[in-house]
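Scroll down for the structure; my scribbles are underneath it.
No hydrogens, no waters, no symmetry mates; every other heavy atom, side chains included, goes into these values. Lettering follows sequence order; numbering is per chain, from 1.
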Amino acid sequence: MTVRVRFAPSPTGFLHIGGARTALYCHLYAKAKGGSFVLRIEDTDLERSKREYEVAMIEDLLWLGLENNEGPDKGGDFGPYRQSERVEMYKELAQQLVAEGKAYPCFLTDDELEKLTLQAQEEKKSPHAYHGKYRDLDPVEAQKRIEAGETHVIRFKNPGKKYTFTDLVRGEVTFPEDMVGDFVILRSSGMPVYNFCCVIDDWKMEMTHVLRAEEHLNNTVRQLMIYEAFNVLPPEFAHCSLLVGEDRQKLSKRHGATSVIQYRDQNFLPQALMNYLCLLGWSHPEEKDIFTLEEVIPIFDLSRFNKSPALYDIEKLRHFNGEHMRRLSSADLMAYLVPTIPEGHAFHAQSNEWKETCLEFFKEKINIPSELPEQLNVLFSTESETGEAVDEVLAWESTASIKEYIKSEVAKMNDSFISEEKFNEFTDHCKKELKIKGKFLFKGLRLALTGMAEGPDLKVVIPLTPIEVMKKRLGL
RNA sequence: GCUCCCAUCGUCUAGUCUGGUCUAGGACACCGCCUUUUCACGGCGGUAACAGGGGUUCGAAUCCCCUUGGGAGUACCA
């Protein structure tokens with residue numbers, strides 16, 4: 001049997017980090033088994049679902065390298081792939097359950113429901129203990145009330161027994177008889193709810209595996225009941241751990257940047273995000289930590305999931321970005337970093353050869369692109385640092401004499417840059433003629449030539465610094 | 001409240017199923033040293049964990065029970 005795995009987001013916002021991780025696992029598992037990765041849009045919440053979010057999610061998924069085989073964007077044999085376009089089928093199937101006595105109309109109003117819930121709580125019973133008030137109402141009577149226009153929902157008749165299933169991540173999980181009550185499957189508006197659509201679609205779309213986050217674990221019992229009611233074998237379930245924030249609570253907007261699009265905007269590398277997310281709850285069999293999607297597909301399996309929730313740590317993501325960036329070819333590195341440097345920056349005025357040398361050098365010093373402009377200051381800034389540490393160095397006579405010497409040398413030059421050879425000549429002269437050595441020499445040179453007390457290797461930095469900048473620094 | 005799930009360094013984790021090779025390994029962060037100036041990279045080294053208590057066993061991070069802690073769910077959200 002071909003493995004079929006679906007990612008089924010609600011288009012109520014941008015794709016978030018947690019969703020991206022779930023999508024990644026679904027994609028990885030489907031591909032590892034040579035199966036299909038299906039995208040299904042769960043938009044039965046008409047109030048909050050927006051088509052623009054669906055479009056944005058598909059874009060983000062594509063950016064991450066998680067291309068689907070079927071979905072609303074590309075069709076397939078099991079469409080439509082938007083739940084809002086499958087409503088008639090859900091309604092029919094819900095009515096079928098009513099006809100079979102497995103579901104029933106319920107006329108409880110919001111107020112009544114609230115009272116019953118409160119009453120149950122006071123009596124120390126489950127909150128849903130009295131939600132089945134209409135479960136035994138005579139169907140003829142019920143039909144009359146419906147025809148009279150009374151608002152109602154359709155509730156599923158809980159068979160009232162224990163349910164056990166084997167979760168591919170968690171092992172055997174058992175839910176007690178009274179875990180849930182008679183739950184709603186059709187709203188008063190006629191719109192079906194998540195737990196119902198989800199089952200119908202996973203069944204009709206012939207899903208073999210359902211990979212999702214732990215927040216859905218408790219939903220599984222309701223879904224198991226519905227599969228049973230239709231006499232359909234459920235798919236395999238795998239509930240991976242939750243992603244949490246600093247406070248150990250489920251990751252959400254209030255934890256900062258949690259939308260994929262924010263990382264795209266900040267120019268993170270998609271392969272780095274995927275690599276990092278993959279390792280949040282799953283481990284590589286050889287404990288490798290830097291890898292690509294292609295590398296991990298053949299070895300991906302469900303047995304290496306960790307059951308505890310994982311904390312999302314942006315610091316570590318930055319590190320992963322750096323690792324992936326440093327593995328880029330020169331051409332890819334250029335394509336990646338050049339567009340991230342602000343327009344109008346003097347960087348852009350340089351030759352391609354210069355840019356390449358420059359980026360190859362500075363990639364060692366940064367993890368994410370936004371750290372680059374500050375690094376570039378050592379080549380372009382004409383400001384001089386102040387502060388105690390610098391003042392102390394400035395007091396050294398050597399700095400003044402070095403500066404004076406180099407100023408006279410540079411004034412004679414017509415080149416665009418000070419070559420490395422030229423810089424070595426300067427250094428030799430300072431050493432031999434000016435008799436300066438050790439840290440006085442290098443600190444002095446650095447301060448005289450860059451205006452900074454510390455920074456990257458001068459042998460690399462000086463030949464990359466445009467002569468106009470250098471002249472300005474020397475007061476020429 | 002009730003139900004379900006979880007529990008190894010600050011964080012992500014390996015090891016747990018198939019007890020001994022674990023004085024618990026790796027990674028991020030942090031600290032130190034080296035790389036004949038600095039920073040970074042790299043290399044080397046360091047700080048740092050089996051939640052607690054009972055069992056079972058010759059032997060437990062690994063198996064069992066309890067406690068504690070954390071999380072999720074308990075919707076006409078998904």
*Searching all strands shown, indicate the nucleotide that pairs with B/U21 (Watson-Crick or G-U wobble; both distances under 3.5 Å).*
none
*Does OP1 or OP2 of B/G15 have a side-chain N or O of A/Arg304 closer than 4.0 Å?*
yes
_As a test of reading the structure: which of B/C28, B/G70, B/U3 is closest to the side chain of A/Met179, going by heavy atoms?_
B/U3
*Given atom CG of A/Asp457 and atom P of B/U36, what is their separation to the nearest angstrom?*
10 Å
*So what does A/Ser308 hit on the nucleic acid, given a heavy-atom distance under 4.0 Å: a base, only sugar-phosphate, or nothing?*
sugar-phosphate
*Shortest side-chain distance from A/Glu323, nucleotide among B/G42, B/C76, B/A72*: B/G42
*With heavy atoms under 4.0 Å as the rule, sort A/Val173 into base, sugar-phosphate or nothing.*
sugar-phosphate
*Could you tell me whether A/Gly181 contacts a base, only the sugar-phosphate backbone, or nothing, with contacts defined as non-hydrogen atoms closer than 4.0 Å?*
nothing
*Counting heavy atoms from C-beta on, name the nucleotide in B/C76, B/C5, B/G73 closest to the side chain of A/Asn218.*
B/G73
*Tell which nucleotide pairs with B/C9, taking only Watson-Crick or G-U wobble pairs whose two distances are both under 3.5 angstrom.*
none
*asked:* Applying the Watson-Crick and G-U wobble criteria at under 3.5 Å, what pairs with B/C44? Answer none if nothing qualifies.
replied: B/G32
_Over all strands shown, is A/His239 touching base, sugar-phosphate only, or nothing at heavy-atom distances under 4.0 angstrom?_
nothing
*Complementary nucleotide of B/U3, counting Watson-Crick and G-U pairs under 3.5 Å*: B/A72
_Please tell me whether A/Phe183 and A/Phe156 form a close aromatic pair, meaning their ring centres lie under 6.0 Å apart._
yes
*asked:* Please report the distance separating the C1' of B/G73 from the corresponding atom of B/U57, rounded so that it comes out in whole Å.
replied: 39 Å
_Heavy atoms only, 4.0 Å cut-off, all strands: where does A/Pro127 land among base, sugar-phosphate and nothing?_
base
*Select base, sugar-phosphate, or nothing to describe what A/Arg318 touches, counting heavy atoms under 4.0 Å on all strands.*
nothing
_Could you tell me how far B/A78 sits from B/C65 if I compare only their C1' atoms? Round to whole Å._
38 Å
*asked:* Please give the distance between the P atoms of B/U62 and B/A14 as a whole number of Å.
replied: 16 Å
*A/Lys403: partners by side-chain hydrogen bond (donor to acceptor under 3.5 Å, both in side chains), with sequence neighbours left out*: none
*Check whether any side-chain nitrogen or oxygen of A/Ser189 sits under 4.0 Å from OP1 or OP2 of B/C76, and answer yes or no.*
no
*What is the pairing partner of B/A78, taking Watson-Crick or G-U wobble pairs with both distances under 3.5 Å in any strand?*
none
*Which of parallel (below 30°), tilted (30 to 60°) and perpendicular (above 60°) describes A/Phe237 and A/Tyr227?*
perpendicular
*Which whole number of Å gives the distance between the P atom of B/C39 and that of B/G20?*
45 Å
*Which whole number of Å gives the distance between the P atom of B/U16 and that of B/G25?*
16 Å
*Contact class for A/Val153 (heavy atom, under 4.0 Å): base, sugar-phosphate, or nothing?*
base
*asked:* One pair to check against side-chain hydrogen bond (donor to acceptor under 3.5 Å, both in side chains): A/Asp201 and A/Tyr81. What are the steps and the verdict?
replied: CA-CA 9 Å; A/Asp201 289 341; A/Tyr81 292 90; over 6 Å; no
*asked:* Are there over 12 heavy-atom neighbours, none belonging to A/Gln266, within less than 6.0 Å of that residue's CD?
replied: yes
*Tell me what A/Gln121 touches on the nucleic acid: a base, only sugar-phosphate, or nothing, going by heavy atoms under 4.0 Å.*
nothing
*Could you check which nucleotide pairs with B/C63 in any of the strands shown, counting Watson-Crick or G-U wobble with both distances under 3.5 Å?*
B/G55
*Under 30°, 30 to 60°, or over 60°: which ring-plane class applies to A/Phe300 and A/Tyr25, parallel, tilted or perpendicular?*
parallel
_Within the 4.0 Å heavy-atom criterion, would you say A/Ser241 contacts the bases, only the backbone, or no part of the nucleic acid?_
nothing
*Atom C1', compared across B/C28 and B/A48: separation rounded to whole Å*: 13 Å
*For A/Arg326, answer base if it contacts any base atom (sugar-phosphate contacts may also be present), sugar-phosphate if it contacts only those atoms, and nothing otherwise; contact means non-hydrogen atoms under 4.0 Å.*
nothing
*Reckon A/Gln375 touches a base, only the sugar-phosphate, or nothing at all at heavy-atom distances under 4.0 Å?*
nothing
*Is there a Watson-Crick or G-U wobble partner for B/U38 with both distances under 3.5 Å, and which nucleotide is it?*
none
_Pairwise C1' distance for B/A60 and B/G19, with rounding to whole Å_ = 6 Å
_Please tell me whether A/His429 and A/Tyr405 form a close aromatic pair, meaning their ring centres lie under 6.0 Å apart._
yes
*What is the nucleic acid contact for A/Arg212, judged by heavy atoms within less than 4.0 Å: base, sugar-phosphate only, or nothing?*
nothing
*Under 4.0 Å between a side-chain N/O of A/Thr44 and OP1 or OP2 of B/A78, yes or no?*
yes
*State, with a plain yes or no, whether a side-chain heavy atom of A/Leu328 is found less than 4.5 Å away from one of A/Leu269.*
yes
*Look at all strands and tell whether A/Asn219 reaches a base, only sugar-phosphate, or nothing, counting heavy atoms closer than 4.0 Å.*
base
*Counting heavy atoms from C-beta on, name the nucleotide in B/A27, B/A72, B/U11 closest to the side chain of A/Leu311.*
B/U11
*Can you check the A/His319 NE2 to B/G26 P distance for me, whole Å?*
15 Å
_Side-chain N or O of A/Lys250 versus OP1/OP2 of B/G73: is the shortest distance under 4.0 Å?_
yes
*Whole angstrom value for the distance that separates C1' of B/A14 from CG of A/Leu279*: 11 Å
*Roughly how far apart, to the nearest Å, are B/U47 and B/C30 at atom C1'?*
9 Å
